[in-house]
Amino acid sequence: MSEVTSVSSLALLSSPLSALNLNSDTLYYGLNFKATKAILPGMINKIRKNEGDMDLDIACMLYDKKCNLVDTVWFKSLRDSSESVRHQGDSLNGKDRGKQALYEGSVDPEIIELRMKKIPTFITHIALVLTSYNGQPLRRIEAGKLHLSDDEGNPAFEIDIRTLPAKCTALWVAHLRREVEDWHLTLQVLPTDSNDIEKMASFVSTELARSLPQPSVGRAL
């Protein structure tokens with residue numbers, strides 16, 4: 001298995017996809033993690049040391065140019081309305097999708113396929129996110145990685161989940177922004193304050209809107 005890149009070395013990644021040699025029409029956002037038990041959140045669980053399987057999930061959130069949420073692709077909704085973004089199935093624990101999808105296997109237990117040229121033109125922003133379904137900190141996983149690559153295996157980034165902040169249970173991983181002739185990728189690696197998918201979508205929408213250029217206001221005469 002190839003070496004997984006730490007977050008710190010990727011923190012400044014912001015580039016058009018073509019500059020990253022991702023010239024394919026198809027991208028794959030993948031998650032691979034080792035089956036791991038961890039204490040469930042909550043005081044009673046901590047006292048009693050109640051453990052549960054760590055269940056990590058990836059999702060894509062699609063926004064228009066005004067940063068309004070249009071679609072979310074995740075384990076409860078496997079395709080967007082145009083079927084250009086496709087989740088290939090949920091893994092509840094990192095070991096339930098066959099031998100090939102184990103951590104040392106040849107495929108990722110969770111993958112989202114993005115058919116970039118089929119994405120509707122009114123979609124301007126795509127957020128790639130990661131959540132811990134049961135609320136355990138992401139870095140409690142024994143081993144895990146996230147990556148974005150094209151269908152020829154060219155990587156845009158690869159992140160070691162063990163390098164994430166200690167208490168982070170949900171993460172805005174990266175942002176794809178539509179440009180005139182290309183998509184621009186920015187690695188965010190930004191923890192959110194909730195692993196609830198609707199609250200995450202609202203958080204990302206707010207952060208995207210803050211980053212947009214503000215219209216100039218004419219000076220009153």
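Treat the numbers as computed from the prediction; the structure is a model and nothing was measured.
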Return the minimal non-hydrogen interatomic distance between [X] and [Y], and the atom names on each side.
{"X": "S14", "Y": "H184", "result": "OG-CE1, 2.8 Å"}
{"X": "T72", "Y": "I197", "result": "CG2-CG1, 4.2 Å"}
{"X": "L20", "Y": "A156", "result": "CD1-CB, 4.2 Å"}
{"X": "V189", "Y": "P191", "result": "O-CD, 3.6 Å"}
{"X": "D160", "Y": "G144", "result": "OD1-O, 3.6 Å"}
{"X": "P137", "Y": "A166", "result": "CB-O, 3.2 Å"}

State yes or no: do [X] and [Y] share one hydrophobic cluster built from I, L, V, M, F, W and Y residues joined by side-chain heavy-atom distances below 4.5 Å, directly or via other members?
{"X": "I58", "Y": "Y63", "answer": "no"}
{"X": "V129", "Y": "V73", "answer": "no"}
{"X": "W74", "Y": "L171", "answer": "no"}
{"X": "L187", "Y": "M61", "answer": "no"}
{"X": "L69", "Y": "F203", "answer": "yes"}

Quick one: which residue pairs count as a salt bridge (Lys or Arg N to Asp or Glu O under 4.0 Å) with a foot in [range], not counting sequence neighbours?
{"range": "residues 179-208", "value": "R177-E179, E207-R210"}
{"range": "residues 116-129", "value": "D25-K117"}
{"range": "residues 134-143", "value": "K34-E142"}
{"range": "residues 40-60", "value": "K37-D53"}

For this session: Show the numbers, then the answer: is there a side-chain contact (heavy atoms from CB on, under 4.5 Å) between L185 and L22?
Result: CA-CA 11 Å; L185 172 67; L22 272 69; over 6 Å; no

In Å and rounded to the nearest 0.5 Å, what is the [atom1] to [atom2] distance from [X] to [Y]?
{"X": "L31", "Y": "L130", "atom1": "CG", "atom2": "CG", "answer": "6.0 Å"}
{"X": "L114", "Y": "L62", "atom1": "CG", "atom2": "CG", "answer": "8.0 Å"}
{"X": "L208", "Y": "N68", "atom1": "CG", "atom2": "CG", "answer": "10.5 Å"}
{"X": "T192", "Y": "M200", "atom1": "OG1", "atom2": "CE", "answer": "4.0 Å"}
{"X": "I161", "Y": "F33", "atom1": "CD1", "atom2": "CZ", "answer": "8.0 Å"}
{"X": "Q88", "Y": "Y29", "atom1": "CD", "atom2": "OH", "answer": "14.0 Å"}

Quick one: does [X]'s side chain get under 4.5 Å of [Y]'s, heavy atoms only?
{"X": "D151", "Y": "S24", "answer": "yes"}
{"X": "I123", "Y": "D80", "answer": "no"}
{"X": "L40", "Y": "N134", "answer": "yes"}
{"X": "S132", "Y": "L56", "answer": "yes"}
{"X": "E110", "Y": "H87", "answer": "yes"}
{"X": "Y28", "Y": "D108", "answer": "no"}
{"X": "V173", "Y": "L148", "answer": "no"}

Exercise. With respect to D71, which candidate in P120, C60, S82, S81 satisfies the side-chain contact (heavy atoms from CB on, under 4.5 Å) definition?
Worked result: S81

Would a distance-only check, ignoring hydrogens and angles, find a side-chain to backbone donor-acceptor pair under 3.5 Å from [X] to [Y]?
{"X": "Q188", "Y": "W172", "value": "no"}
{"X": "T206", "Y": "S202", "value": "yes"}
{"X": "T124", "Y": "R178", "value": "no"}

Problem set entry | Between T169 and N195: side-chain donor-acceptor atoms closer than 3.5 Å | no

For this session: Could you list the residues that satisfy salt bridge (charged side-chain N to carboxylate O under 4.0 Å, His left out) with R162, not counting sequence neighbours?
Result: none

For this session: Could you walk me through whether L17 and L27 pass the side-chain contact (heavy atoms from CB on, under 4.5 Å) test, one step at a time?
Result: CA-CA 10 Å; L17 293 181; L27 299 181; 3.8 Å; yes

Exercise. Which pairs pass ring pair (Phe, Tyr, Trp, His ring centres under 6.0 Å) with one or both residues in residues 122-153, sequence neighbours excluded?
Worked result: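 Pairs touching residues 122-153 that pass the test: F75-Y133, H125-H175.
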
